[in-house]
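This one's a predicted model, so the numbers in the text were calculated from it and none came from an experiment. Chain A is the first sequence line, chain B the second, and so forth, proteins listed ahead of strands; every chain is numbered from 1.
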Amino acid sequence: MTTFTARRKARIDELAGGRSLTSEAFRRLRRDPVAITGAVVVGLFVVVAALAPLLAPHGAAETFVELKRDLRPGTIPGPMEGFPLGSDQLGRDFLSRMLLASQQTLLVGVLATVIGLAVGVVIGTIAGAFGGWVDTLLMRLTDVLLAVPHLLLAISVAALAANPSQTTVIIAVAIVGVPIFARLLRGSMLAQRESDHVVAVTALGVRRSAVVLRHMLPNAIGPVIVQATLTLATAILDAAALSFLGLGDADPGRAEWGLMLAQAQAYLDVRPALAFFPAVAIIVVALGFTLLGESLREALDPKGSR
Amino acid sequence: MLRFVVRRLLQVIPTLLLLSLLVFWWLRSLPGGPATALLGDKATPERIAEINRGLGLDQPILTQYWLFLGRVVSGDFGTSTITGEPVLSEIARFMPATIELSVVALLIAVLLGIPLGYLAARYRGRPLDVATVIGTLVGVAVPVFFLGYLLKQYIAVDLRLLPPSGRLSTGIDATDVTGFAVLDGLLTREFDASLDALRHLVLPAVTLATIPLAVIVRITRASVLDVLGADFVRTANAKGLAPITVRSRHVLRNALLPVSTTIGLQVGLLLAGAVLTEKVFVWGGIGTMLADAITLKDYPRLQALLLMGAVIYVVVNLLVDISYAVIDPRVRLS
């Protein structure tokens, strides 16, 4: 059975010119300098985030006498022996906080995107697979969510929580993504429904759930994955904006770039580095995800192969 | 044309109804209900019951929704828990500041974005194009509030070129007619007040304009590139039309169609960006009102602003769709 499937797949690949769309896209990505730049930035970010607890010399909430000694209104100690980036506004090691924050930033961005993606995919699949009134109802609902400007939507969700926390930030940012993913997937599912291969398997009497999950969904998910990469960038920026409005993670023991940037604004004239480091980190990472997403979109576009 | 407008109007109704349901449900999904949220630490069972009665929360849910709809239609959004003033009159007072800021920001974005996008497309692959594309990518990645603080710190505080915050300098005697500071100065012939208001507008408007600018440049560039490759442009050139005629009447005219839709979509970005920008520049508009409402948990205000933001967005996009149909007859038929 497996050999037959494998043989059949090889035959299909042969007929299709030897390359699947995925491997073709991957081949194009490897040649694209934009994609490589994006991938390197994202890769570095993920590695630093994963190794942050090992790389950071100190804890995120640890304060130091050496740093606090020179800490008074109008001065925040700069780089010194043992503290390469100096102190933050509360006498904590700035370098350690920058490193540890990468982990929290990645966590918030990825979880928010994945949750939004998951819910959006469920809604989009149901709408695209069933059509009819189910589709109409679900799409009207996503229309309403899309009608609220996205930061306003995130703010209203985050403001519902009695106390802001990392979880409320993640949920608020995730909800913003749901209608976008749902609409996108529904659109490409509808296109799949009319396509020959779906008509063929339906005519062969394949179960409806199998048609949807094994034949339509895998072919329709491409644009959604691209959107998810781009959403990672906006998710990080939205989380930063929520922090700035006082709706961010309230746990002082955790460092997160958005929150660090939001809090550093008050010390821009004293020690601009406190704002610049997290800001540049956010910009570079957001840019990395955007570059990767854009080149992914181009690589997956069949029109691009001409 | 009339049929298109009517159809589009009818499509908006279910969206607005669902939206009202969402906003209605939103306030009721507060943990512990709105009464606990409104009272905070001062909550006693008697006070909670009193507030619930006041908000009509002791009535059946359908009756509540009906009453809510009635109040919304008549413009009654309750009173702000911060000021005790009716939310609607607060909005009316804060609105001109935000409109003024958004309009100037949108003007900057459009007047700079379309030529820049056009030039980038015309000189595709050249340094100008590359710089523009990089600029648009970075522009979207910079947190709005960080950019605001940078401009404020270095241009206003350090270099003293422009005022750092507020809408008017203290000591300027301005008569309030419409609430739009620049316009008021012109109407009352207090030109120094107008000039002062304009100087205050520059930094916040530039901050607010960045993201819409980046988006408009990108869309214009892509759209012009599309049209430049079209057959009718080749034909026009082959006919021997003057290059300026081809560029303005053939290329730009057709390329601006998708751009007009994008401009409509920017209104949502402006509303959201205003929250951040106004907080940085202590602007005192709707955004400030919203930011205060978040910090002080003023739910009637939040509810009204949420609903208003969405309604403005829906209406603007409806208008864009209709104007699109006016410009492009093909839209009416589909």
Result block: side-chain N/O donor-acceptor pairs under 3.5 angstrom for residues 239-250 of chain A, not counting sequence neighbours:
from: A:Ser243; atom 1: OG; to: A:Ala239; atom 2: O; distance (Å): 3.2
from: A:Asp249; atom 1: OD1; to: A:Asp251; atom 2: N; distance (Å): 3.1
from: A:Asp249; atom 1: OD1; to: A:Arg254; atom 2: NH2; distance (Å): 3.4
from: A:Asp249; atom 1: OD2; to: A:Arg254; atom 2: NE; distance (Å): 2.8
from: A:Asp249; atom 1: OD2; to: A:Arg254; atom 2: NH2; distance (Å): 3.3

Under 3.5 Å, which donor-acceptor pairs do the side chains of residues 269-292 of chain A form with other protein atoms, sequence neighbours left out?
from: A:Arg271; atom 1: NH2; to: A:Leu85; atom 2: O; distance (Å): 2.9
from: A:Thr290; atom 1: OG1; to: A:Ala286; atom 2: O; distance (Å): 2.6

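Remark: B:Arg8 CZ is packed, more than 12 non-hydrogen atoms of other residues, nucleotides or ligands lying under 6.0 Å away.
With a 4.5 Å cut-off on non-hydrogen atoms, A:Leu141 touches chain B through its backbone and its side chain both. Heavy atoms closer than 4.5 Å to chain B are found in both the backbone and the side chain of A:Ala147. Using a 4.5 Å cut-off between heavy atoms, B:Leu276 contacts chain A through both its backbone and its side chain. Looking at B:Ile294, only its side chain comes within 4.5 Å of chain A, counting heavy atoms on both sides. Residue B:Val311 does not touch chain A at all, counting heavy-atom pairs closer than 4.5 Å.
Atom-to-atom distance recorded for B:Leu269:CG and A:Leu151:CG is 9.5 Å, nearest 0.5 angstrom. Rounding to the nearest 0.5 angstrom, the gap separating the OG1 atom in B:Thr15 from the CG atom in A:Leu145 is 11.5 Å. Remark: A:Leu152 CG to B:Leu290 CG distance equals 6.0 Å, nearest 0.5 Å. Between atom CG of residue B:Leu271 and atom NE2 of residue A:His150 there is a gap of 11.5 Å, rounded to the nearest 0.5 Å. The CD1 atom of A:Ile155 sits 10.0 Å away from atom CG of B:Leu306, with the distance rounded to the nearest 0.5 Å. With rounding to the nearest 0.5 Å, the separation of CZ in B:Phe146 from CG in A:Leu237 is 12.5 Å.
Counting only residues at least two apart or on different chains, no salt bridge (charged side-chain N to carboxylate O under 4.0 Å, His left out) pair has a member in residues 139-150 of chain B.
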Chi angles and distances behind the side chain to side chain contact (heavy atoms under 4.5 Å, CB included) call for B:Leu19, A:Val148: CA-CA 9 Å; B:Leu19 183 73; A:Val148 186; 4.0 Å; yes
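B:Tyr149 and A:Leu268 make their closest contact through O-CD2, 3.5 Å (heavy atoms, listed as atom of the first residue, atom of the second, distance).
Using non-hydrogen atoms only and a strict 4.5 Å limit, the part of residues 213-221 of chain B facing chain A consists of B:Arg218.
The candidate from B:Leu21, B:Val157, B:Leu270, B:Leu150 with the greatest count of non-hydrogen atom pairs under 4.5 Å with chain A is B:Leu150.
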